[in-house]
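Working notes, structure below.
Note that ligands are numbered from 1 as they come in the structure, with each ligand's atoms numbered from 1 the same way.
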Amino acid sequence: MKRLVDKLRERHELDSEEYRSLLIMHDPQDIEYLFGQAREVSQRHFGRSIYLRGLIELSNVCRNNCLYCGIRRGNCHVSRYNLNREQVMACCEQGYDIGFRTFVIQGGEWGEERSPWIADLIREIKSRWPDCAITLSLGEHPRETYALWRDAGADRYLLRHETHNQRLYGLLHPREMTSAHRLQCLDWLMELGYQVGTGIMVGAPFQTIGSIVEDVEYLVRFKPHMIGMGPFIPQHDTPLGRFPAGSVELTQRLYAILRLALPQALIPSTTAMASLAPDGRLRGILAGANVVMPNLSPTDTRKMYALYDNKASLGAESAKGVHLLADELATIGYHIDWSRGDSPQKKE
Ligand code: SAH
């Protein structure tokens, strides 16, 4: 197994059987070797520095009905909110004062009629804080909308492909959503010059090791600048609310495998990791992740952005608790890097 880890580190690619072996191996020493190698590669490129992104949850209004997601259109137990321009600017201001230089604007998917409003918002943030990066995570849109937002000043876009396996995609999403369209969106975003992030939920219902291998192969081919992966966590009012949560350890393995395959990728240790285990965030970093995304949303709307049950949004997960995060990182010898943290990967 160690030989396979070394091979992945050297060649940045394995065949599907080899990926499978790394995903199912159970000798704790082999697993620790994988994590250790990923950590070393991460430290070679980024040192023991962790980039921060301030997450602003713009709205829980969504036109989609993804079967796993707590803010799906069909969930009538959610009270819906939209942040207005002033609220978003207040979040950015607070974040900027704490030291954040990237704002991630995430939310449910809106209709195209509201895309110009987003463009105005991007322009306003950029004119007030030109030294900050803006990352959007607002779902699937026509190429023209992505172009509009890019022209307005957006730098990065997060759109997880969720799963590359069409059959599994169909089991997790309503009929009108397709994996082909999501992948098309990712290609457009790349073409438009965004730094692009994609990824999966680990341990989603019906997911298999085989489908995860397909995801790894897709990620290695697509070479995103950022890779967003977190364990699936059930939300009790969704159709998949009775399925068990995914595993922190398998997610760590995927961070490590992707770190070795794409050494320069920006890999957040996600909120879902912190939500499932008290030490989840640190375990992600110890497996090669190098980004954390604390929550900058107004405190009163945070609980309404409930993608899954018991989602962490306080303490070290909160922008205001960033000193707690710094203390936590110090226990494993890491520290915060307050820079914008752009992708070191060259754009083609
Ligand atoms: N509307 C945007 C943002 C979605 S929320 C979009 O479509 O991209 C961001 C991510 O949260 C999703 O891509 C999904 O992978 C994750 N997510 C949603 N529900 C989840 C759940 N129950 N458990 C874990 N992650 C979940």
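At least one side-chain heavy atom of C92 sits less than 4.5 Å from a side-chain heavy atom of I56.
By the 4.0 Å N-to-carboxylate-O rule, E217 lies too far from R221 to be salt-bridged with it. In summary, D342 and R156 engage in a salt bridge, as defined by a charged side-chain N under 4.0 Å from a carboxylate O.
Annotation: cation-pi geometry satisfied between R101 and Y96 (NZ/CZ under 6.0 angstrom from ring centroid, within 45° of ring axis).
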Find all protein N or O atoms under 3.5 angstrom from an N or O atom of ligand 1 and list the pairs with distances, or write 'none'.
| unit_1 | atom_1 | unit_2 | atom_2 | d |
| --- | --- | --- | --- | --- |
| ligand 1 | 1 (N) | G107 | O | 2.9 |
| ligand 1 | 7 (O) | R182 | NH2 | 3.3 |
| ligand 1 | 8 (O) | R182 | NH2 | 3.2 |
| ligand 1 | 13 (O) | E162 | OE2 | 2.6 |
| ligand 1 | 15 (O) | R160 | NH1 | 2.9 |
| ligand 1 | 15 (O) | E162 | OE1 | 2.7 |
| ligand 1 | 15 (O) | E162 | OE2 | 3.4 |
| ligand 1 | 22 (N) | Y68 | O | 3.0 |
| ligand 1 | 22 (N) | I233 | O | 2.7 |
| ligand 1 | 23 (N) | I233 | N | 3.0 |
| ligand 1 | 23 (N) | I233 | O | 3.3 |

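Aromatic pair F243/F206: ring centres closer than 6.0 Å.
Atoms OG and CD1, on S16 and I212 in that order, are 14.0 Å from each other to the nearest 0.5 Å.
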